[in-house]
Amino acid sequence: MGVQERRAREKQELRQDILDAARELFVKEGFENVSMRKIAEKIEYSPTTIYLYFQDKADLLDCICEETFSKLDQKMTSLRDATADPLQGLKRGLRAYVEFGLEHPNHYRLCFMMDFKGFEAPENCSRSHAMGQKLFDHLRLGLGECVALGRVKVDNIEAVSQAIWASFHGVTSLLITHHTFPWVETNQLIDALTETVFGGLEVGTPISAVDSASST
């Protein structure tokens with residue numbers, strides 16, 4: 001390996017060390033309570049070094065969430081491309097979503113379970129917002145494909161997509177935070193959730209936010 005290649009690798013490794021340290025501190029102490037100096041102390045570098053890689057905490061947060069969303073997007077894309085049946089691909093993608101959160105709880109906590117008091121605005125975290133929207137599109141477009149093929153019947157794709165995500169996010173976040181609850185085996189829980197969520201869609205009963213609201 002040449003000098004330039006080694007230096008490039010070292011820079012990439014340091015950048016990743018900064019991201020990992022910031023993620024851990026943000027989750028442990030809260031985003032508002034962590035300074036760039038504290039992150040620098042954790043990796044035993046000066047704050048000036050961090051500013052060579054990131055503009056500020058918002059930039060750090062943006063990069064951390066973009067990285068997490070990108071990893072999950074790659075996994076779900078791979079599952080979708082390897083599955084001929086769009087409905088099965090959708091279900092497998094949602095299972096992968098839960099499994100990813102359980103395998104990477106700090107990543108999940110930071111990106112899906114914390115309030116950043118304004119820093120999550122699109123203008124502050126444009127890259128992670130773009131990647132997060134791409135990630136949600138796996139669900140929305142996948143559901144739309146299932147509707148087009150007659151596999152499920154849905155009146156409001158956007159509303160149902162959001163409801164499905166909320167359901168799987170709820171299980172993921174509860175499994176991460178409530179360890180003392182007597183949960184059934186994880187695969188059984190995911191199977192039960194999938195059957196509950198998609199059972200009504202697959203039998204041909206239209207799900208409509210308007211209908212639901214009018215019945216209350």
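With hydrogens and angles ignored, the 3.5 Å screen pairs no side-chain donor or acceptor of Ser78 with any backbone N or O of Gln74. Looking only at distances, a side-chain donor or acceptor of Thr196 sits under 3.5 Å from a matching main-chain atom of Ala192. Side chain of Lys71 to backbone of Phe100: no donor-acceptor contact under 3.5 angstrom is found.
Listed by first then second residue, pairs satisfying salt bridge (charged side-chain N to carboxylate O under 4.0 Å, His left out) with a partner in residues 37-54 read Glu24-Lys42, Glu29-Lys38, not counting sequence neighbours.
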Can you give each donor-acceptor pair under 3.5 Å made by side-chain atoms of residues 89-98, sequence neighbours left out, with the distance rounded to 0.1 Å?
from  : atom 1 : to     : atom 2 : distance (Å)
Lys91 : NZ     : Glu202 : OE2    : 3.0
Arg92 : NH1    : Thr83  : OG1    : 3.4
Arg95 : NH1    : Asn187 : OD1    : 2.9
Arg95 : NH2    : Asp191 : OD1    : 2.2
Tyr97 : OH     : Tyr108 : OH     : 2.6
Tyr97 : OH     : Trp165 : NE1    : 2.9

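With sequence neighbours left out, the salt bridge (charged side-chain N to carboxylate O under 4.0 Å, His left out) criterion links Glu67 to Arg23. With sequence neighbours excluded, no residue forms a side chain to side chain contact (heavy atoms under 4.5 Å, CB included) with Leu52. Take Phe26 and apply the ring pair (Phe, Tyr, Trp, His ring centres under 6.0 Å) test, not counting sequence neighbours, and it matches Phe31. For His138, the side chain to side chain contact (heavy atoms under 4.5 Å, CB included) partners at least two apart in sequence or on another chain are Asp73, Met76, Thr77, Arg80, Leu135.
Counting heavy atoms from C-beta on, the side chains of Ile43 and Asp20 never come closer than 4.5 Å. Counting heavy atoms from C-beta on, the side chains of Leu19 and Arg15 come closer than 4.5 Å. Annotation: side chain of Thr177 is in contact with side chain of Met113 (closest heavy-atom distance under 4.5 Å). No side-chain heavy atom of Tyr45 sits under 4.5 Å from any side-chain heavy atom of Asp17. At a threshold of 4.5 Å between non-hydrogen side-chain atoms, the residues Leu189 and Leu175 count as touching. The side-chain heavy atoms of Leu60 and Ile39, taken from C-beta on, include a pair separated by under 4.5 Å. Proximity of Leu174 to Phe181: side-chain heavy atoms (C-beta onward) are nowhere separated by under 4.5 Å. Contact of the Thr172 side chain with the Phe112 side chain is not registered, since no non-hydrogen atoms from C-beta on lie closer than 4.5 Å.
Within 6.0 Å of atom CD in Gln4, 12 or fewer heavy atoms from other residues, nucleotides or ligands are found, so the atom counts as exposed in its surroundings. Environment of NE2 in His178: sparse, with no more than 12 heavy atoms of neighbouring residues, nucleotides or ligands closer than 6.0 Å. Other residues, nucleotides and ligands contribute only 12 or fewer heavy atoms inside 6.0 Å of the CD atom of Glu195.
In this structure, Phe69 has its ring center no closer than 6.0 Å to that of Phe136.
In this structure, the separation between SG on Cys111 and CD on Glu66 is 10.5 Å, given to the nearest 0.5 Å.
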Practice item. Walk me through it: do Val160 and Leu143 pass the test side chain to side chain contact (heavy atoms under 4.5 Å, CB included)? Key: CA-CA 9 Å; Val160 174; Leu143 184 62; 3.9 Å; yes
